[in-house]
S.K.: 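Would you mind keeping the following structure in view while I ask a few things?
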Amino acid sequence: MKFSLIIPLLVAAGMVKGQAGAEYIALGKNLANSSAVFCLANNPAVLAPVKQSFGFWGSNKFTGTPIIHGGIAANLILKNTGLGLNSGYFGTTKSNRFAAELNIGQRITEKFSLGVALGFTKFTQGLDYGNTAKITGKLGANIQINTNIDLGVVLVNPWLSVNQSLAASPQLHFSAGYKVNAQTKLWAQYHNESGMPAVYGLALKYTATNPGIMAALQTGMEPISIGIVYDRSNMRFAFASSYHLYLGFTPSFTCIWLKQ
């Protein structure tokens, strides 16, 4: 495959723009999933029960072309308000996508929170195709219906009516979580990106052991994903892989420092 075609193919092949973390990948790449938390970077409405966190993540597809894909994020929780910063990079020196965001989350009531993220995404295509930059962001909500059920919704770039460029596209993510017991949680999930078929699926997280196990089954081009999460002292490590029908496996990792 020609180098000039590899980057647009990977972007169009279901790699949701702005993704962050191995837990996000293992749980079906749904931004609204309440356990796909990475310093407010996925759903800015989900305030983790820690005062501070900082982490980095990375992933790579087995395509034969060396591609850097990763990012960093940090957040601070002040009573009922969360503040965060995150940035991510995907591509090579000639064709790449760079994004940066400011995230703000607010707990409105004990069971309801809202969040907003605002930043920019810049896509650089090599071979004199030029650059594209867009203002990007998210609107998120998280609702705890009762002790067992929670709902999450994330709108990505809702001000864009269509997929205007490889740098940005409108998206909708929805996740409904059910706590089976203290160690097991299930989610029914949906997400839709402009220009792509809607994706429906189920995700599971099991934490009776350390490391815990995460997995997802869904429709679309990446039907299977799986991963583990390991907690030690104030550190969290996660490793995951999703399988794409054409591009194969995507090994991913996350390392997060947490301060209670």
S.K.: Considering only heavy atoms from C-beta outward, does the side chain of V199 approach that of T219 to under 4.5 Å?
M.R.: yes

S.K.: Side-chain donor-acceptor contacts of residues 176-183 below 3.5 Å, not counting sequence neighbours, with atom names and distances?
M.R.:
from: N181; atom 1: OD1; to: Q183; atom 2: N; distance (Å): 2.9
from: N181; atom 1: OD1; to: T184; atom 2: N; distance (Å): 2.8
from: N181; atom 1: OD1; to: T184; atom 2: OG1; distance (Å): 3.1

S.K.: Can you check whether I108's main-chain N or O pairs, donor with acceptor, with Q106's side chain at less than 3.5 Å?
M.R.: no

S.K.: At what distance, to the nearest 0.5 angstrom, does CG of N30 lie from OG of S175?
M.R.: 5.0 Å

S.K.: So, does H173 use its side chain to make a donor-acceptor pair with the main chain of L31 at under 3.5 Å?
M.R.: yes

S.K.: Is it the case that the side chains of T136 and T121 hold a donor-acceptor pair, with the cut-off being a distance below 3.5 Å and no angle test?
M.R.: yes

S.K.: CZ/F253 to CH2/W57 distance, rounded to the nearest 0.5 angstrom?
M.R.: 9.5 Å

S.K.: Hey, are the side chains of S35 and L27 touching, using non-hydrogen atoms and a 4.5 Å cut-off?
M.R.: yes

S.K.: Nearest 0.5 Å, what's the NZ-NZ distance between K79 and K51?
M.R.: 11.5 Å

S.K.: Please confirm whether the backbone N or O of A26 pairs with a side-chain atom of S225, one donor and one acceptor, at under 3.5 Å?
M.R.: yes

S.K.: Roughly how far apart are F249 CZ and I224 CD1, rounded to 0.5 Å?
M.R.: 8.0 Å

S.K.: Rounded to the nearest 0.5 Å, how far does CG of N146 lie from CD1 of I143?
M.R.: 12.0 Å

S.K.: Quick one: salt bridge (Lys or Arg N to Asp or Glu O under 4.0 Å) partners of R236, sequence neighbours excluded?
M.R.: D231

S.K.: How about Q171 and N157: does a side-chain donor come under 3.5 Å of a side-chain acceptor?
M.R.: no

S.K.: Can you check whether N103's main-chain N or O pairs, donor with acceptor, with K138's side chain at less than 3.5 Å?
M.R.: no

S.K.: Would you say I228 and F56 are hydrophobically clustered, going by side-chain heavy atoms of ILVMFWY under 4.5 Å?
M.R.: yes

S.K.: For the atom pair CD1 (I104) and CG (L114), what is the distance rounded to the nearest 0.5 Å?
M.R.: 12.5 Å

S.K.: For N210 and Y230, indicate whether the former's side chain and the latter's backbone hold a donor-acceptor pair under 3.5 Å.
M.R.: no

S.K.: When hydrophobic residues are tied together by side-chain contacts of less than 4.5 Å, even through go-betweens, does V153 share a cluster with Y190?
M.R.: yes

S.K.: Is a side-chain N or O of T254 found less than 3.5 angstrom from the main chain of A238, in a donor-acceptor match?
M.R.: no

S.K.: Measure from the side-chain N and O atoms of T209 to the backbone N and O of G212, and report whether any donor-acceptor pair falls under 3.5 Å.
M.R.: no

S.K.: Applying ring pair (Phe, Tyr, Trp, His ring centres under 6.0 Å), can you list everything that pairs with F174, at least two apart in sequence or on another chain?
M.R.: none

